[in-house]
Amino acid sequence: MSTAAESVLRVEKGLADPEELAAITAVLLARAAAQPAAPPAHRGRDTAGWRRLERTPGFRAPHSWQG
């Protein structure tokens, strides 16, 4: 059995009853055990094709709008 010194949760402000600590522990454990949603099958491109570095010129003028 665990003692108060080995407690995982700590009450920062106020007084929590054992029932309240049990409820928050149950919620946290349920969230931790929940399976994440499956990622989408196809996300598409991460970057636009026209933004690839090999397609940009090597020099940009200081006053260029492209930064």
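A quick note: this is a predicted structure, and the numbers were derived from the prediction, not measured.
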Next on the checklist: Once salt bridge (Lys or Arg N to Asp or Glu O under 4.0 Å) is applied, do any residues pair with Glu19, and if so which ones, sequence neighbours excluded?
Outcome noted: none

Next on the checklist: Just to verify, what does Arg10 make a salt bridge (Lys or Arg N to Asp or Glu O under 4.0 Å) with, not counting sequence neighbours?
Outcome noted: Glu12

Item to check | Candidate list Val27, Leu28, Leu29, test side-chain contact (heavy atoms from CB on, under 4.5 Å), partner Thr25, passing option | outcome: Leu29

Next on the checklist: Among residues at least two apart in sequence or on other chains, which ones pass side-chain contact (heavy atoms from CB on, under 4.5 Å) with Ala16?
Outcome noted: Val11, Glu20, Leu21

